[in-house]
Amino acid sequence: MDLITVGLGLAAILYAGYTFYVRSQNPEAFGKLTAMQDRWGEKAGTALHLVAYSIVPFIFGGVLVVGGLNGYALF
């Protein structure tokens, strides 16, 4: 088990959860969300922001946690 890789994975999962929560409670807090909505439209900009800042970090964090628990080291 590699604790650094597991820790980074948990940090990525927490970041994904934080961005998901803040976007649902206070979307004005994200300047990038507004910029993406202006560029891509409200629906597509919100979807791209959700994927880029919540779903991808969650999946990446899960991969790091599983890899770290199986002994793979990121560094």
Side-chain angles (χ1 to χ4, degrees):
M1 179 164 79
D2 185 48
L3 292 178
I4 293 174
T5 304
V6 172
L8 287 172
L10 290 175
I13 291 171
L14 289 173
Y15 174 76
Y18 169 76
T19 59
F20 185 77
Y21 174 76
V22 171
R23 185 180 43 259
S24 66
Q25 298 299 316
N26 187 15
E28 299 84 30
F30 287 110
K32 291 179 184 176
L33 174 59
T34 306
M36 291 176 102
Q37 288 174 339
D38 291 342
R39 170 123 172 109
W40 300 100
E42 188 168 337
K43 191 172 183 179
T46 302
L48 285 171
H49 192 272
L50 174 69
V51 169
Y53 292 100
S54 292
I55 295 175
V56 170
F58 184 77
I59 292 170
F60 180 68
V63 168
L64 286 180
V65 168
V66 170
L69 290 175
N70 287 326
Y72 295 104
L74 187 61
F75 297 107

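- Tyr21 is connected to Leu33 through a chain of hydrophobic side-chain contacts under 4.5 Å among Ile, Leu, Val, Met, Phe, Trp and Tyr, so both are in one cluster.
- At distances below 3.5 Å, at least one donor-acceptor pair connects side-chain atoms of Thr5 with backbone N or O atoms of Leu74.
- Residue Ile59 holds its CD1 atom at 12.0 Å from CG of Leu64, rounded to the nearest 0.5 Å.
- Distance check, rounded to the nearest 0.5 Å: CZ of Arg23 to CG of Leu50 gives 4.5 Å.
- A donor-acceptor contact shorter than 3.5 Å links the side chain of Asn70 to the backbone of Val66.
- The distance from the OG1 atom of Thr34 to the NE2 atom of His49 is 8.5 Å, given to the nearest 0.5 Å.
- Here Ile13 is tied into one hydrophobic group with Met1, Leu3, Val6, Leu10, Phe58, Val65, Leu69, each link being a pair of ILVMFWY side chains closer than 4.5 Å.
- Ala12 and Gly61 get closest at one heavy-atom pair: CB-CA, 3.8 Å.
- Taking each heavy atom of Ala16 and Pro57 in turn, the nearest pair found is CB-CB, 4.0 Å.
- Note that CZ of Phe30 is 12.0 Å distant from CD of Gln37, once rounded to the nearest 0.5 Å.
- Applying the 4.5 Å side-chain rule to ILVMFWY residues, one finds Tyr15, Met36, Trp40, Leu48 in the same cluster as Tyr53.
- Between Ile4 and Phe75 the shortest side-chain heavy-atom distance falls below 4.5 Å.
- Within 6.0 Å of CZ in Phe60 there are 12 or fewer heavy atoms belonging to other residues, nucleotides or ligands.
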